[in-house]
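The block underneath contains the structure these notes are about, expressed in structure tokens.
Because only heavy atoms are used, hydrogens play no part in the values below, and waters and symmetry mates are left out as well, while side chains stay in. In each ligand, atom 1 is the first atom listed, and ligand 1 is the first ligand listed. Keep in mind the model is a prediction, meaning the values are calculated, not measured.
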Amino acid sequence: MKRVKIIGTGSYVPEKVLTNFDLEKMVDTSDEWIHTRTGMSERRIASDKDKASDLAVKAAHKALKDSGVTPEEIDLILVATATPDMFFPSTACFVQSAIGAKKSAAFDISAACSGYIYALSVAEQYIKSGKYKTILLIATEIFSRYIDWTDRNTCVLFGDGAAATVLKGVGGNKADGIISTLIYSDGKYADLLYLMGGGSSSPLTHETIDNKLHLLKMKGNSLFKIAVKNMVKAAREALTLNGYKVSDIDLLIPHQANKRIIDAVAENLELPKEKIFVNIEKYGNTSAVSIPLALDEALKGGRIKEGDLILMVAFGGGLTWGSALIRW
Ligand code: COA
């Protein structure tokens with residue numbers, strides 16, 4: 001069986017920066033409240049003309065360059081997104097055409113903020129089974145289009161962006177590559193975070209728009225507690241399953257939803273702060289993008305070296321959650 005390696009990464013965030021001070025002018029909030037409660041200072045907002053696939057293509061080009069893989073070599077394109085260009089065709093098909101990945105299959109994965117870990121798990125199975133050699137995985141989100149900009153409970157939290165990863169099956173006796181991916185769900189908590197307007201349960205009408213059903217709805221307080229519990233559980237299960245201890249982790253890359261969630265996970269695992277990658281201050285919650293964006297920054301910033309044990313843990317709407325344990 002092949003080992004599955006991440007051989008290139010790339011990311012793209014829109015130029016427009018929305019700061020906490022900008023938000024102070026839009027809703028009844030303050031930089032102090034947002035920073036203390038979430039760890040966020042600013043987030044990026046896509047321009048009106050950009051679609052999720054446009055951000056994805058920009059990130060994909062960077063990851064392909066980083067990996068040395070050409071578009072013609074890609075067997076499969078996976079796009080993790082909760083904010084696709086449209087219901088169908090998939091955003092992955094638009095990316096496939098834009099980058100000229102002539103022989104590639106393409107489809108989207110919907111697991112909200114856990115989308116990258118879910119997609120990584122799918123990619124891992126395709127490569128390990130021998131079906132595909134080279135997979136391009138992109139997370140892309142434009143949540144700014146689905147935010148109620150008059151609701152201070154949600155509008156301060158989310159940001160736009162895209163991040164891509166190239167995965168390849170490799171042989172030989174080295175121990176590097178994906179050790180395990182574990183994914184979980186519990187649909188009974190679907191009402192904690194959802195966007196229903198336009199779906200078959202709620203086709204768009206004047207009434208659904210008046211009731212703002214086309215915008216994201218969230219019960220932040222309940223989500224917070226379940227997020228901490230499930231991220232800790234996912235981290236512990238990944239370590240136990242593979243015979244590692246918390247002290248073996250070189251870098252934890254958690255989903256960046258709230259700095260206080262990340263701190264609570266770290267405290268629960270008794271993992272020192274310097275072993276956790278945090279960039280929420282600059283981007284807010286970019287949903288499926290947050291982990292691959294953090295991975296790209298960690299790699300480019302020299303935070304990961306060959307042989308390191310990397311643990312990623314995600315959590316999101318669904319509810320969904322999961323982990324990826326990787327030897328770099
Ligand atoms: N500015 C100022 N006050 C705000 C505010 C804002 N942007 N947003 C909420 N508040 C107020 C509330 O109205 C409430 O006021 P009240 O006590 O008068 O009713 C007060 O702050 C406390 O609200 P609460 O919801 O208890 O705050 P919190 O400490 O739980 O923080 C979140 C709110 C949303 C930041 C936090 O719950 C969170 O991050 N949850 C997880 C969200 C998440 O992870 N979502 C994505 C999952 S992938």
Side-chain angles (χ1 to χ4, degrees), residues 18-43 80-83 109-119 139 141-144 146-161 163 183-187 189-195 215-235 253-268 278-281 283-294 312-323:
L18 184 73
T19 66
N20 292 350
F21 298 103
D22 296 328
L23 285 160
E24 282 181 359
K25 294 176 204 136
M26 297 161 64
V27 287
D28 181 15
T29 191
S30 66
D31 171 59
E32 203 269 330
W33 192 96
I34 301 171
H35 199 263
T36 320
R37 300 289 184 114
T38 70
M40 300 170 190
S41 289
E42 54 188 50
R43 64 288 295 142
T81 186
T83 54
I109 289 184
S110 169
C113 300
S114 310
Y116 179 75
I117 299 297
Y118 265 66
E141 300 284 16
I142 306 191
F143 259 102
S144 61
Y146 306 98
I147 296 294
D148 179 353
W149 290 105
T150 64
D151 175 17
R152 68 177 184 176
N153 290 292
T154 52
C155 77
V156 303
L157 299 175
F158 294 89
D160 302 335
I183 52 177
Y184 311 85
S185 72
D186 192 346
Y189 294 115
D191 66 335
L192 297 186
L193 183 57
Y194 63 91
L195 203 172
L215 303 175
L216 172 146
K217 302 276 182 295
M218 187 184 83
K219 293 180 186 148
N221 223 284
S222 314
L223 267 178
F224 193 105
K225 290 166 208 150
I226 306 176
V228 174
K229 194 176 95 195
N230 287 358
M231 284 168 84
V232 168
K233 208 162 153 249
I253 304 184
H255 171 48
Q256 318 272 316
N258 186 321
K259 176 71 166 43
R260 283 160 52 222
I261 293 180
I262 297 173
D263 289 345
V265 169
E267 195 180 319
N268 214 295
V278 182
N279 62 1
I280 195 169
E281 172 130 10
Y283 306 118
N285 180 351
T286 54
S287 183
V289 180
S290 90
I291 289 180
L293 176 60
M312 303 169 176
V313 276
F315 175 83
L319 296 179
T320 54
W321 64 100
S323 70

Requested in this report: With the side chain counted from C-beta on, respond yes when L18 and L23 share a heavy-atom pair under 4.5 Å apart, and no when they do not.
Outcome: yes

Query raised in the report: Can you tell me which residue and heavy atom of the protein come closest to atom 1 (N) of ligand 1, and the distance to 0.1 Å?
Result: T29 OG1, 2.6 Å

**Report entry** Where M40 and A257 come nearest, the two heavy atoms and their spacing
**Finding:** CE-O, 3.3 Å

Report summary line: The protein heavy atom nearest to atom 47 (C) of ligand 1 is L193 CD2, 3.8 Å

**Report entry** Donor + acceptor pair across side chains of E42, T19 (<3.5 Å)
**Finding:** no

Report task. Please check if a non-hydrogen protein atom sits closer than 4.0 Å to atom 39 (O) of ligand 1. Result -> yes

Query raised in the report: So do the side chains of I183 and T320 get within less than 4.5 Å of each other, counting heavy atoms only?
Result: no

Report summary line: For A257, the ligand 1 atoms with a heavy-atom partner under 4.0 Å come out as 44 (O)

Query raised in the report: Would a 4.0 Å cut-off, counted as strictly less than, catch a protein heavy atom around atom 19 (O) of ligand 1?
Result: no

**Report entry** From CA spacing to verdict: side-chain hydrogen bond (donor to acceptor under 3.5 Å, both in side chains), T83, E141
**Finding:** CA-CA 5 Å; T83 54; E141 300 284 16; 2.7 Å; yes

Report task. Could you check if a side-chain atom of F158 sits within less than 4.5 angstrom of a side-chain atom of L216, using non-hydrogen atoms only? Result -> yes

Report summary line: Heavy-atom closest pair (F315 atom, S114 atom, distance to 0.1 Å) is C-OG, 3.4 Å

**Report entry** D31 backbone acceptor or donor facing E24 side chain under 3.5 Å
**Finding:** yes

Report task. Kindly state if atom 16 (P) of ligand 1 has a protein heavy atom within a strict 4.0 Å cut-off, that is, under 4.0 Å? Result -> no

Report summary line: N258 heavy atoms within 4.0 Å reach ligand 1 at atoms 35 (C), 36 (C), 38 (C), 39 (O)

Requested in this report: Would you mind listing which atoms of ligand 1 come within a distance below 4.0 Å of any non-hydrogen atom of C113?
Outcome: 48 (S)

Query raised in the report: What protein heavy atom sits nearest atom 22 (C) of ligand 1, and how far off is it?
Result: R37 NH1, 3.7 Å

Query raised in the report: Should V278 and K259 be marked as a side chain to side chain contact (heavy atoms under 4.5 Å, CB included) after you check the CA-CA gap, both sets of side-chain angles, and the distance that decides it?
Result: CA-CA 8 Å; V278 182; K259 176 71 166 43; 3.8 Å; yes

Query raised in the report: Should M312 and Y116 count as side-chain neighbours, where that means a heavy-atom distance under 4.5 Å?
Result: yes

Query raised in the report: Identify the closest protein heavy atom to atom 24 (P) of ligand 1: which residue and atom is it, and at what distance?
Result: N221 ND2, 3.5 Å

Report task. Around atom 41 (C) of ligand 1, find the nearest protein heavy atom and jot down its residue, atom name and distance. Result -> G220 O, 3.4 Å

Query raised in the report: Can you find a non-hydrogen atom of I261 under 4.0 Å from ligand 1?
Result: yes

Report task. Run the numbers on I280 and R43 for side chain to side chain contact (heavy atoms under 4.5 Å, CB included), then give the verdict. Result -> CA-CA 8 Å; I280 195 169; R43 64 288 295 142; over 6 Å; no

Report task. Provide the number and element of each atom of ligand 1 under 4.0 Å from a heavy atom of M218. Result -> 34 (C), 42 (C), 45 (N)

Report task. Show which atoms of ligand 1 fall inside a sub-4.0 Å distance from at least one heavy-atom site of F315. Result -> 48 (S)

Report task. Identify, by atom number and element, the atoms of ligand 1 in contact range of V156, meaning under 4.0 Å from any of its heavy atoms. Result -> 7 (N)

Query - Contacting atoms of ligand 1, where contact means under 4.0 angstrom from a heavy atom of N285 - result: 46 (C), 48 (S)

Requested in this report: Using a distance threshold of 4.0 Å (strictly less than), state whether atom 7 (N) of ligand 1 has a protein heavy-atom neighbour.
Outcome: yes

Report task. Under 4.0 Å from a heavy atom of H255: give me the atoms of ligand 1 that qualify, with their elements. Result -> 48 (S)

Query raised in the report: Got the closest protein heavy atom to atom 10 (N) of ligand 1, with its distance?
Result: W33 CZ2, 3.4 Å

Query - Student check: side-chain heavy atoms of P254 and M231 closer than 4.5 Å - result: yes

Query raised in the report: In the protein, which heavy atom is nearest to atom 13 (O) of ligand 1, and how far is it?
Result: R152 NH2, 3.0 Å

**Report entry** Name of the residue among D186, I226, V313 meeting side chain to side chain contact (heavy atoms under 4.5 Å, CB included) with W321
**Finding:** D186

Report summary line: Looking only at protein heavy atoms, what sits closest to atom 9 (C) of ligand 1 is N153 OD1, 3.1 Å

